[in-house]
Amino acid sequence: MDDAWALTEPAFDVAHAKAYEGLFTLGSGYLHVRGSLEEHLHDAPQNADYMRRPTNTTAEKFPEPKVKWGAFVPGVYGNHPLLNQEMVNLPYFLELTPYVDGEKLDMEASAVEAYRRTLHLDTAALTRSLRWQTRHGAAVAVRFERFISAARPHLCLQRITLESDRDITVELHAGIDTDVRTSGYDHLRDVMLTPLGENGVACNLVTDYGDAAHIVTRIYAGAAERAYVDAGRAARWIIQAPLTAGEPVEIEKRTAVATSQDAEAVNPIALLVESEALSYEALYAEHAAVWRARWEQTDVVIEGDAAAQLKLRAALYHLMRAHPGDSRCAIGPKGYAGDAYRGCYFWDTEIYMLPFFLYTDPARARMLTDFRIHTLPGAQANAARYGYEGAKYPWESDRAGNECCAQWQYADHEVHVTADVVYGMAHYARAAGDAGYLRGPAAPVILEAARYWMQRLNRRAGDQHFSLLGVMGPDEYAPLTNNNSYTNRMVVFALETASEVAAAAHEHEMFKQLAGALPIVGTEDGLVLQCEDFEAFAEPEFDAFWPDRDKPFAAQVSQERLYRTKALKQADVILLMMLFPHEFSAEEIRLAWDYYLPLTTHDSSLSAGVHAVVAARLGLMDEAVQFWQRSLDLDTDVTHGGASEGIHVAAAGLNWQIVVFGFGGVHTAMQADVLTLTPRLPANWTRLAFPFVWKGAPLYVDIRPGAVHIANRGSRPLDVRVGDRAATIPAGDAVTLESRHGSSST
Ligand code: BGC
């Protein structure tokens, strides 16, 4: 096995079980399942009723101390008891539990040796092997394998291989458990579990929102004796599998999932029957081939830091897995690997995740930007609720564009999302070279958003300019500020884009005029201020109020302290400078860096990655590497909770941006029309290489200290710049250009 592709849990520790469960989530885009243990743990009920309060979506202690099952199909909803909709945790269908002489295999209670669980990032498959010393003296080698087929996205394939050192009978329990909760709430209604032939269980249900799910599972255990057991909310087959000493026995379980949200009606039983023509190996081979092709389009090679290489691949794996492959859904902040944030869609999509898809797989990027076209009616209704014309995109969106955020501060005031949506569309159009997109399918979104801004702006008495008042910027610790620089710049961008798209002359003029009349506030010595009143906030006094730096600042102080001090949750001005670097001098960026960094708590997982990109561009390589490590560790460091609540998939998107835009120094299509690179490799890196699509041209960029090699795999010549050197690469050809900043000596 190549360790650069394998994330491994070397031993079972219940303290980290939930973190691995999130980190080892498998998915086909359509169907996602957390990395739960097939046999589950004792004393870890999954049907406890509780309320995850909307005021604390991620940090709340909730009563599944050990593990948390999760099976998700993007866009399948239940009614939230307090809010609108939430993504539903579907029934648990992974069960494959061996018993020997009445003893259940249990990672906590059983005598288990040689445990090893591995997520194979190259083939998106999970394997676990162990030796089980049963109480009655048998030594049983157990191997679990599973994958969700990328070739048949509705299908989950599992296999268990058992081998004993003596003749025994293994009793295997395998079925579907519908007694599950979504954040402590039971959304499943009309649950029907029925036997299917001699080896299957069929489950039909409707959520309390009215979405239907059909789950069919079959266990392939040859001629072994079996019985169907109806256990109320669960149903399973109990199989008696005789093992002869030294002879391995394989048993398979195949599950197909279909829902009323499917783009085309799918018959899960037919899918299973169809799959029966193929062996596990054949199904695995077609699945692995899809992933091989995905990795050819995306893999980033880092030489000189093996740990970072592996962690980055984990990030790319989850980005690819989480993409629903359907423009009726986007990607929520937990990447369909947990029910926190209730599966809602945030600006995370446009700003943090989209670039990875834009520059590796533009067709998939387009699905994400098209999601906002599908949800325009919701955004229009949302604007109307506030008494505005046009479209106001929700801070937390469901599949229809409804606002699902319970907290007024964000829902009412974190308005930048409506501009971020337009930025994402423009980024797609420029990166993909799809000039018609903005004037074509995206135009209604861009114009409706601009109509909303027209009414949202104020002109205060005595001012020559317009203002955006009562705004929360990306830094959510400053809730009601005026002229937030990030938001203003984004709105200017959105209005400029609208003026280019507007067909009506009066709108064209009006949008243009407004765009020119919104300030970016700053001090006389060139410091860009987060907002007009920023300097009037109190000092945060971290030394006095933030004793434990391992825990978020917000967990140690009251909200009102956050709101009246200069403490920042995440990069705000620094993010502005990450997205519009060409509009600020290096001195201005450095000034902002020095001013805001001591005030920034990085309580948001989105903060470290943004700082890493900007630090790399500033040539602050030590800081860049530290922030990059911090961002990389968010999911992979299981000792700090890691992905317990789901994958930090926006940070995963940033991890790609750090290497490509930060260390690789690629200028985005929002910065430059000609592909331009100013690489700065961390000191110990000897190579950074990645495929990259620039305006439709597939390229391969290979950076070594002092030199950049670019292969043009497209059909047209391509102009490139590396530092101050320029070249034209003929189609099918390559160039190597010297790069002054190819490595860093700091
Ligand atoms: C961040 C937001 C982000 C959300 C979802 C919050 O903690 O402050 O910027 O959109 O998490 O990731």
Side-chain angles (χ1 to χ4, degrees), residues 22 52-60 83 86-87 315 318-319 322 330-354 368 371-372 393-398 403-421 423-424 471-479 481 484 486-487 490 530 551-555 559 562-563 567-576 578-579 596 599-611 630-631 634-635 641 643-655 657:
R52 188 200 283 268
R53 295 188 193 284
T55 45
N56 203 343
T57 42
T58 47
E60 190 159 49
L83 310 170
E86 69 178 348
M87 179 180 71
H318 280 296
L319 283 162
I331 308 175
K334 295 297 169 188
Y336 302 114
D339 49 23
Y341 283 123
R342 297 174 291 108
C344 292
Y345 307 121
F346 291 65
W347 70 311
D348 299 38
T349 309
E350 280 79 10
I351 302 300
Y352 301 99
M353 297 179 234
L354 185 65
L368 296 176
F371 169 73
R372 302 296 190 171
Y393 276 85
W395 177 242
E396 299 185 27
S397 180
D398 65 7
E403 177 62 84
C404 294
C405 178
Q407 291 150 286
W408 62 271
Q409 301 96 308
Y410 313 99
D412 296 357
H413 298 281
E414 207 164 349
V415 289
H416 62 80
V417 56
T418 296
D420 301 331
V421 162
Y423 180 91
V471 162
M472 179 188 265
D475 163 30
E476 295 175 331
Y477 293 170
T481 62
N484 171 274
Y486 171 88
T487 310
M490 271 296 179
Q530 180 171 312
K551 299 213 174 73
F553 181 55
Q559 183 138 312
L562 300 176
Y563 284 4
L568 266 62
K569 181 178 183 183
Q570 65 207 79
D572 196 304
V573 171
I574 298 300
L575 174 63
L576 164 69
M578 178 180 104
L579 297 178
Y596 291 107
L599 302 172
T600 307
T601 62
H602 308 292
D603 279 4
S604 163
S605 58
L606 305 173
S607 195
V610 173
H611 280 84
R630 185 166 172 170
S631 188
L634 283 165
D635 292 320
S644 300
E645 292 266 22
I647 293 295
H648 298 86
V649 70
L654 270 171
N655 292 341
Q657 295 193 48

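These values consider heavy atoms only, across backbone and side chains, with no hydrogens, waters or symmetry-generated copies. Counting convention: from 1, in listed order, for ligands and their atoms alike. Everything quoted here is computed from the prediction, not taken from an experiment.
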For residues H611 and H602, determine if any side-chain heavy atom of one lies less than 4.5 Å from a side-chain heavy atom of the other.
yes
Between Y352 and Q657, do the side chains contain a donor N or O and an acceptor N or O under 3.5 Å apart?
no
Does the side chain of Q530 pick up a donor-acceptor pair with the side chain of N484 at under 3.5 Å? no
Those residues at least two apart in sequence (or on a different chain) that pass side-chain hydrogen bond (donor to acceptor under 3.5 Å, both in side chains) with D603 are Y477, T601
Rounded to the nearest 0.5 Å, the CG atom of L568 sits from the CG atom of L599 at a distance of 6.0 Å
query: With under 30° as parallel and over 60° as perpendicular, where do the rings of Y410 and W395 fit, or are they tilted in between?
result: parallel
What are the atom names and distances for all N or O pairs under 3.5 Å between ligand 1 and the protein?
{"from": "ligand 1", "atom 1": "7 (O)", "to": "Y341", "atom 2": "OH", "distance (Å)": "3.3"}
{"from": "ligand 1", "atom 1": "7 (O)", "to": "K569", "atom 2": "NZ", "distance (Å)": "2.8"}
{"from": "ligand 1", "atom 1": "8 (O)", "to": "E476", "atom 2": "OE1", "distance (Å)": "2.7"}
{"from": "ligand 1", "atom 1": "8 (O)", "to": "K569", "atom 2": "NZ", "distance (Å)": "3.0"}
{"from": "ligand 1", "atom 1": "8 (O)", "to": "Q570", "atom 2": "OE1", "distance (Å)": "2.7"}
{"from": "ligand 1", "atom 1": "9 (O)", "to": "W347", "atom 2": "NE1", "distance (Å)": "3.1"}
{"from": "ligand 1", "atom 1": "9 (O)", "to": "Q570", "atom 2": "NE2", "distance (Å)": "3.2"}
{"from": "ligand 1", "atom 1": "10 (O)", "to": "W347", "atom 2": "NE1", "distance (Å)": "2.8"}
{"from": "ligand 1", "atom 1": "10 (O)", "to": "D348", "atom 2": "OD1", "distance (Å)": "2.6"}
{"from": "ligand 1", "atom 1": "11 (O)", "to": "Y341", "atom 2": "OH", "distance (Å)": "2.9"}
{"from": "ligand 1", "atom 1": "12 (O)", "to": "D348", "atom 2": "OD2", "distance (Å)": "2.6"}

